[in-house]
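A quick write-up on the structure given underneath.
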Amino acid sequence: MTSTAARPLPRLIATDLDGTLLCPGGGVSPRTAAALTAAERAGVQVVFVTGRPPRWMEQVSAHIGGHGVAICSNGGAVMDVRRGRLLRTFPLTAADALRVVGLLRAELPGSAFAFEFPGGFAREAEYQLRMWGSDEPHAVASAELLLADSRVQGLFKLLVKHPELDPDAFLGMAREVAGRYVEITRSAPVALLEISALGVTKASTLAEWCHDQGIDRSEVVAFGDMPNDLEMLAWAGSAYAVANAHPEVLAAVAQHTVSNEQDGVAAVLERLLGIEQPGHVGR
């Protein structure tokens, strides 16, 4: 062990998952698992704050920490991962969802829609699945029909894909068209937008969680890599971008660590906890 810096330990670590904490294949490396365990043993709460829907959290349940809670769907849902139940959601209204679908369909032809809600997932036929859960049973119909279906209630994430547009251009255009009604962001390498209710972001739900725990934002260290992390990284008292982060994130965040492939989150945690490990933490 080496001695830590003079500043006290943070009370909470808030970390994104894909592209930040997890290996490229989606797993948790032994080094990262050890660092998360050491943080929890030192009394530092670790909260996963992810764009993943609740139904994709089983893969990381073993590393969730003593509280068992994750913030999912970019702040749209809070889940007790161990018990497999939602604790809270921040849904879009059906009116806002319909309005946004109509605007994007009219202004950005070729857009295809999907929906995450407490009862599961539904999509349009044109919305192609290429990730986990593609074999799970789900409804397929037009967005308008799905939003009228009583089964699709409590919508906490609206997804939009485009087959041709540049991902960042797609985000910019969608925000111009519908950004006054909802929160629009992205975290995938393809033209895939993630839409939440207005005012609902990773930062807003994390701030509520911390308030309930009596934790001040100055006591939070956050990690991220994509535009959907920007609000959280700006809110936290201290923030790090991994080296593989989106250029906008690297430019916005003063402190950088090495990539997720090199266990960038673990490298910072080891330094904060005074654990001696080979590796390098950037500026």
Side-chain angles (χ1 to χ4, degrees), residues 13-33 35-36 46-65 69-79 81 114 116 121 127-136 156-161 167-168 170-171 183-196 200-203 205-206 221-233 236 239-250 252-253 256-269:
I13 300 296
T15 179
D16 173 53
L17 292 177
D18 298 286
T20 300
L21 183 81
L22 304 184
C23 305
V28 178
S29 75
R31 180 182 178 188
T32 294
L36 295 175
V46 179
V47 176
F48 297 154
V49 189
T50 177
R52 287 187 180 206
R55 62 196 178 93
W56 286 357
M57 293 304 297
E58 183 177 351
Q59 187 179 16
V60 295
S61 62
H63 309 282
I64 198 71
V69 171
I71 295 170
C72 305
S73 295
N74 295 328
V78 182
M79 184 185 189
V81 176
E116 294 282 356
F121 172 77
Y127 186 99
Q128 298 299 309
L129 294 178
R130 293 188 174 89
M131 295 186 74
W132 309 291
S134 59
D135 57 347
E136 296 174 4
F156 47 73
K157 192 174 183 181
L158 169 62
L159 299 160
V160 194
K161 277 187 179 180
D168 288 321
F170 190 28
L171 175 59
E183 300 293 337
I184 309 176
T185 190
R186 59 173 289 257
S187 63
V190 297
L192 170 61
L193 303 182
E194 303 165 47
I195 298 178
S196 305
V200 175
T201 65
K202 287 186 174 187
T205 304
L206 176 63
V221 177
F223 297 85
D225 74 312
M226 287 296 281
N228 66 328
D229 296 313
L230 284 168
E231 292 89 355
M232 176 178 72
L233 296 171
Y240 290 83
V242 288
N244 53 289
H246 187 283
E248 185 179 357
V249 177
L250 291 170
V253 179
H256 298 174
T257 183
V258 293
S259 72
N260 65 321
E261 291 188 28
Q262 298 173 289
D263 296 310
V265 174
V268 175
L269 294 184

Correct closest heavy-atom pair for G75 and I71 would be CA-CG2, 3.7 Å

Residues passing the side-chain contact (heavy atoms from CB on, under 4.5 Å) test with A191, sequence neighbours excluded, are H162, F170

Is any side-chain heavy atom of L158 closer than 4.5 Å to a side-chain heavy atom of E194? no

dist I195:CD1 -> L159:CG (nearest 0.5 Å) comes out at 8.0 Å

Residues at least two apart in sequence or cross-chain that pass side chain to side chain donor-acceptor pair (under 3.5 Å) with D16, listed by chain then number, are T20, K202

Shortest non-hydrogen pair, G224 vs A245, comes out as O-CB, 4.4 Å

#### Entry: Side-chain heavy atoms of V47 within contact of I13, under 4.5 Å
no

Nearest heavy-atom approach of A267 to T257 is CB-OG1, 4.2 Å

Value for CG (L21) from CG (D263), rounded to nearest 0.5 Å, stands at 8.5 Å

Strictly by modelled atom types, are N74 and S196 linked by a side-chain donor-acceptor pair under 3.5 Å? no

On a heavy-atom basis, the closest approach of A239 and V253 is O-CG1, 3.5 Å

Interatomic distance, CD@E183 vs CG@L193, rounded to 0.5 Å, equals 13.0 Å

When every non-hydrogen atom of V242 is compared with those of G19, the smallest separation belongs to CG2-O, 3.5 Å

### Query
Is any side-chain heavy atom of L192 closer than 4.5 Å to a side-chain heavy atom of V160?
no

If we only count heavy atoms from C-beta on, is the C72 to R52 side-chain gap below 4.5 Å? no

Applying salt bridge (charged side-chain N to carboxylate O under 4.0 Å, His left out) to D225 and not counting sequence neighbours gives none

Subject >> Polar side-chain atom of D229 near backbone of V249 as donor-acceptor pair, under 3.5 Å >> reply: no

Residues at least two apart in sequence or cross-chain that pass side-chain contact (heavy atoms from CB on, under 4.5 Å) with S73, listed by chain then number, are P53, P54, F156, K157

Applying side-chain contact (heavy atoms from CB on, under 4.5 Å) to A35 and not counting sequence neighbours gives A266, L269

request  = Check whether the side chains of D168 and H246 place a donor and an acceptor atom closer than 3.5 Å, and report yes or no.
outcome  = yes

| query | With a 4.5 Å limit on heavy-atom distance, are the side chains of E248 and L230 in contact? | reply | yes

For this session: Using modelled atom types only, decide if a donor and an acceptor are shared between the side chain of H256 and the backbone of L250 within a distance under 3.5 Å.
Result: yes

Worksheet item: Is the shortest heavy-atom distance from the side chain of F223 to the side chain of L17 under 4.5 Å?
Response: no

Closer than 3.5 angstrom, by distance alone: can the side chain of N260 be matched with the main-chain N or O of L22 as a donor-acceptor pair? yes

Practice problem: May I ask you to test the T201-T205 pair for a side-chain heavy-atom distance under 4.5 Å? | Solution: no

Output for pair (Q262 CD, T32 OG1), nearest 0.5 Å, gives 11.5 Å

Exercise for the section: Taking the side chain as every heavy atom from C-beta outward, state whether V81 and V69 have any atom pair closer than 4.5 Å. Expected result: no

side-chain contact (heavy atoms from CB on, under 4.5 Å) filter on A33, not counting sequence neighbours, yields V28, H63

